[in-house]
Amino acid sequence: MVSFIRNVSFDCADPYGLARFWSEVVGHPLDPDFAAGDTEVVIEPPGGPRLYFQAVAEAKTVKNRVHVCLQPGDRDRDAEVERLHALGATTLADHRTPDGAGWVVLLDPAGNEFCLTRSAAERE
């Protein structure tokens, strides 16, 4: 028997607000049972691990040791970066190589790092 990933967890001050951001990122709505002010919020995308948001009192102080890496499904990397910026993400570092490969490190509204790689079409 092996283990499987149950959740990817996010500690944050505002679970509902951060879950709304990630709901737009992954294109899966929040469960209507969750509301602003809840101390826990869950998104359950089909075919992927649950995204779990929990309220914590302390602020983020250092770089995440584990993070989410995303790959655009229907657009190129740069177009997805623009979409994520419009949702509230900010760019921390762009690791583009001279041949156009590479990834970008972004911050969600709570300051959690996540990466965006090139799309499958860009990798071909």
Considering non-hydrogen atoms only, spot the tightest contact between Ala110 and Leu18 and give its length.
CB-CD2, 3.8 Å

Applying the 4.5 Å side-chain criterion to the ILVMFWY set and letting contacts propagate, would Leu116 and Trp103 be lumped into a single cluster?
no

Backbone N or O of Ser9 within a donor-acceptor pair of the Arg50 side chain at under 3.5 Å?
no

Membership question, hydrophobic clusters at under 4.5 Å side-chain separation (ILVMFWY): are Val26 and Val41 in the same one?
yes

Could I get the full list of salt bridge (Lys or Arg N to Asp or Glu O under 4.0 Å) partners for Asp94, not counting sequence neighbours?
Arg77

Same hydrophobic cluster for Val8 and Val105, using side-chain heavy-atom links shorter than 4.5 Å among ILVMFWY?
no

Measure the shortest side-chain to side-chain distance between His67 and Asn112 over non-hydrogen atoms and say whether it is less than 4.5 angstrom.
no

Can any side-chain N or O of Ser23 pair as donor or acceptor with the backbone N or O of His28 at less than 3.5 Å?
yes

Evaluate side chain to side chain contact (heavy atoms under 4.5 Å, CB included) for Thr117 paired with Glu122, printing each intermediate quantity in order.
CA-CA 10 Å; Thr117 66; Glu122 289 173 294; over 6 Å; no

Side chain to side chain, Asp14 and Arg20, heavy atoms closer than 4.5 Å:
no

Side-chain heavy-atom pair Asp38, Pro15 within 4.5 angstrom cut-off
no

Close side-chain approach of Lys60 to Glu113, heavy-atom, < 4.5 Å:
yes

For His95, what residues pass the side-chain hydrogen bond (donor to acceptor under 3.5 Å, both in side chains) criterion, not counting sequence neighbours?
none

Can you tell me how far apart CD (Gln71) and CD (Glu80) are? Round to the nearest 0.5 Å.
10.5 Å

Partner of Phe114 by side-chain contact (heavy atoms from CB on, under 4.5 Å), out of Asn64, Leu84, Leu92
Leu84

CG of Asp11 to CD of Gln54: how many Å apart, nearest 0.5 Å?
4.5 Å

To the nearest 0.5 Å, how far apart are SG in Cys115 and CG in Leu70?
8.5 Å

Between Phe10 and Phe53, how do the two ring planes meet: parallel, tilted or perpendicular, split at 30° and 60°?
parallel

Linking I/L/V/M/F/W/Y whenever any side-chain heavy atoms sit under 4.5 Å apart, do Phe21 and Tyr16 land together?
yes

Establish whether Leu87 and Leu30 are linked, either directly or via other cluster members, by ILVMFWY side-chain heavy-atom contacts under 4.5 Å.
yes

Give the minimum heavy-atom separation between Pro109 and Gly88, together with the two atoms involved.
CG-O, 4.0 Å

Is it true that a side-chain atom of Asp31 and a backbone atom of Phe34 form a donor plus acceptor pair closer than 3.5 Å?
no

